Amino acid sequence: QVQLVESGGRLVQAGDSLKLSCAASGRTFSDYVMGWFRQAPGKEREFVARISRGGASTFYADSVNGRFIISRDNAKNTVYLQMNSLKHEDTANYYCAASAWILPGATARNYNYWGQGTQVTVSS
């Protein structure tokens, strides 16, 4: 089992920056590809970003590419999401997820463990 706890979500204004954290415990953190997903009210959960086990490879949704940066610190068992130039449409509950797959991609069902989420609200 892997336990994931997100933090850092809050109310911000459009154009602001915000950094989310996700602390992992349980099994060896570096064995897992880590991802961030988000879900807005009335919408399906959508992929945001993912990072490889060692951190060398990242992949982003088109909607956040160039604005968000995913990173990880395997010594601290933590994955981060730096969000810049926030827009109102970034408002959502943000979830981190862990995948035992080597290449889980953007498919939520390929991620084995999920956190409870942290709410990000961007006022326009």
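These numbers come from a predicted model, not from an experiment.
At a threshold of 4.5 Å between non-hydrogen side-chain atoms, the residues Y94 and E6 do not count as touching. Contact annotation: the side chain of Q13 approaches that of S123 to within less than 4.5 Å [non-hydrogen atoms, C-beta and beyond]. For the pair S17 and N84, the minimum side-chain heavy-atom distance is below 4.5 Å. Looking at heavy atoms from C-beta onward, S124 lies out of side-chain contact with K87 at the 4.5 angstrom threshold. With contacts defined as side-chain heavy-atom distances shorter than 4.5 Å, the pair N93/R45 does not qualify.
Taking every heavy atom of both residues into account, R67 and S85 meet most closely at NH1-O, 3.0 Å. When every heavy atom of T28 is checked against every heavy atom of Y32, the shortest pair comes out as O-CD1, 3.3 Å. Of all the heavy atoms in S57 and R50, the pair that sits closest is OG-NH1, 3.4 Å. Listed here is the closest heavy atom pair of A106 and F47: CB-CG, 3.4 Å. The minimum heavy-atom distance between Y111 and V33, with the atom names listed, is CE2-O, 4.3 Å. The minimum heavy-atom distance between L4 and A98, with the atom names listed, is CD1-N, 3.8 Å.
Each of V48 and Y80 belongs to its own hydrophobic cluster when Ile, Leu, Val, Met, Phe, Trp and Tyr are linked at side-chain heavy-atom distances under 4.5 angstrom. Grouping the Ile, Leu, Val, Met, Phe, Trp and Tyr side chains by contacts below 4.5 angstrom, directly or via other members, places F37 apart from Y60. No path of Ile, Leu, Val, Met, Phe, Trp and Tyr side chains, each step under 4.5 Å between heavy atoms, connects Y95 with L20, placing them in separate hydrophobic clusters. Transitive grouping of hydrophobic side chains (ILVMFWY, heavy atoms separated by less than 4.5 Å) brings L86 and I70 into a common cluster.
Of the candidates I69, V79, L81, V79 is the only one forming a side-chain contact (heavy atoms from CB on, under 4.5 Å) with I51.
Side-chain N or O atoms of T91 include one that pairs as donor or acceptor with a backbone N or O of V122 at under 3.5 Å. Side chain of T107 to backbone of R109: no donor-acceptor contact under 3.5 angstrom is found.
To the nearest 0.5 Å, atoms OH (Y113) and CZ (R27) are separated by 4.5 Å. Distance check, rounded to the nearest 0.5 Å: OG of S52 to CG of L103 gives 9.5 Å. N77 CG to C22 SG: the interatomic distance, rounded to the nearest 0.5 Å, is 10.5 Å. Here R53 contributes atom CZ and N74 contributes atom CG; the two are 11.0 Å apart, rounded to the nearest 0.5 Å.
Checked against the 6.0 Å centroid threshold, W36 and F68 do not count as a close aromatic pair.
With a 6.0 Å cutoff to the six-membered ring centre and a 45° limit on the axis angle, R72 counts as a cation-pi contact of F29.
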**OP:** Under the side-chain contact (heavy atoms from CB on, under 4.5 Å) rule, what do V120 and R38 come out as? Steps first, then yes or no, please.
**Re:** CA-CA 9 Å; V120 173; R38 66 186 181 185; over 6 Å; no

